Amino acid sequence: LKLSGSRRLRQYELPSPLAAMSKFAPIFAMIEAAVKAKGAEMVKMGGAVFQLVISDGGEEGKLCLDLKSGSGSATRGEKAADVTITMKDEDFAAMATGKLDGMQAFMSGKLKLAGNMMLAQKLGTILESAKP
């Protein structure tokens, strides 16, 4: 891009408009950083593979947390999981910040589960431990 004369704007890699407006993106980044920093500790809490799906988040709204062994991993995208948790962006952000209780979200249909439902109860503890 050129401005008047020879001045140029620097090019920056911008996230997609969907990710830029989302509430899940910084939460996913926080979870990814926590898994890198204290993955082994989180594996002890989780002991399973969790798939998070933000229903209105497109492809960027999918995060797979492998907290089954070793130091764990967090990868973007969709993979086979022990439990899949699907929520809207707004509801996921509310749950991650403690404004929405997971059980209330499930009972009201804001949180959908597939797979081992008992594992989903561990998600609150995992999100709490991911906070800096």
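Note that the structure is a prediction, hence the values are computed from the model and not measured.
Closest non-hydrogen pair, Val43 versus Ser71, comes out as CG2-C, 4.0 Å. For Ala120 against Leu113, the heavy-atom pair with the smallest separation is CB-CD2, 3.5 Å. Across all their heavy atoms, Gly109 and Lys112 have their closest contact at O-NZ, 3.3 Å. Closest non-hydrogen pair, Ser55 versus Thr86, comes out as CB-CG2, 4.0 Å. Between Ala105 and Leu100 the shortest heavy-atom distance is CB-CD2, 3.7 Å. Considering all non-hydrogen atoms of both residues, Phe24 and Gly57 come closest at CE2-CA, 3.7 Å.
Counting heavy atoms from C-beta on, the side chains of Met42 and Val35 come closer than 4.5 Å. For the pair Lys68/Asp82, a side-chain contact is recorded, criterion being any heavy-atom separation below 4.5 Å from C-beta on. Between Phe50 and Lys122 there is a side-chain heavy-atom pair separated by less than 4.5 Å.
When hydrophobic clusters are built by joining Ile, Leu, Val, Met, Phe, Trp and Tyr residues whose side-chain heavy atoms come closer than 4.5 Å, directly or via intermediates, Ile85 is not grouped with Val53. Note on Met118: it does not cluster hydrophobically with Met107, by side-chain heavy-atom contacts below 4.5 Å among ILVMFWY residues.
Separation of atoms CG (Leu119) and OG1 (Thr84) is listed at 11.0 Å; rounding is to 0.5 Å. Put simply, CE on Met95 and CG on Leu111 are 5.5 Å apart, with the number rounded to the nearest 0.5 Å. With rounding to the nearest 0.5 Å, the separation of CD1 in Ile54 from CD in Glu60 is 12.0 Å. For the atom pair CG (Leu67) and OG (Ser73), the distance works out to 7.5 Å, reported to the nearest 0.5 Å.
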Would you list the atom pairs, donor with acceptor, under 3.5 Å between side chains in residues 124-131 and any protein atom, with sequence neighbours excluded?
residue: Glu128; atom: OE1; partner: Lys131; partner atom: NZ; Å: 3.4
residue: Ser129; atom: OG; partner: Ile126; partner atom: O; Å: 2.9
residue: Lys131; atom: NZ; partner: Ala96; partner atom: O; Å: 3.4

Query - Chi angles and distances behind the side-chain contact (heavy atoms from CB on, under 4.5 Å) call for Val49, Leu65 - result: CA-CA 6 Å; Val49 179; Leu65 294 174; over 6 Å; no
Query raised in the report: Yes or no on salt bridge (charged side-chain N to carboxylate O under 4.0 Å, His left out) for Lys79 and Asp66, after CA distance, side-chain angles and deciding distance?
Result: CA-CA 10 Å; Lys79 299 189 177 176; Asp66 185 344; over 6 Å; no
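Gln51 contributes a side-chain N or O that, together with a main-chain N or O of Leu63, makes up a donor-acceptor pair within less than 3.5 Å.
Every pair passing salt bridge (Lys or Arg N to Asp or Glu O under 4.0 Å) that includes a residue from residues 83-108 is listed here, sequence neighbours excluded: Lys23-Glu90.
Between Arg76 and Glu32, at least one side-chain N (NZ, or NE/NH1/NH2) sits under 4.0 Å from a carboxylate O, which counts as a salt bridge.
Within a 6.0 Å sphere centred on NZ of Lys38, other residues, nucleotides and ligands contribute more than 12 heavy atoms.
For Glu41, there are no salt bridge (charged side-chain N to carboxylate O under 4.0 Å, His left out) partners at least two apart in sequence or on another chain.
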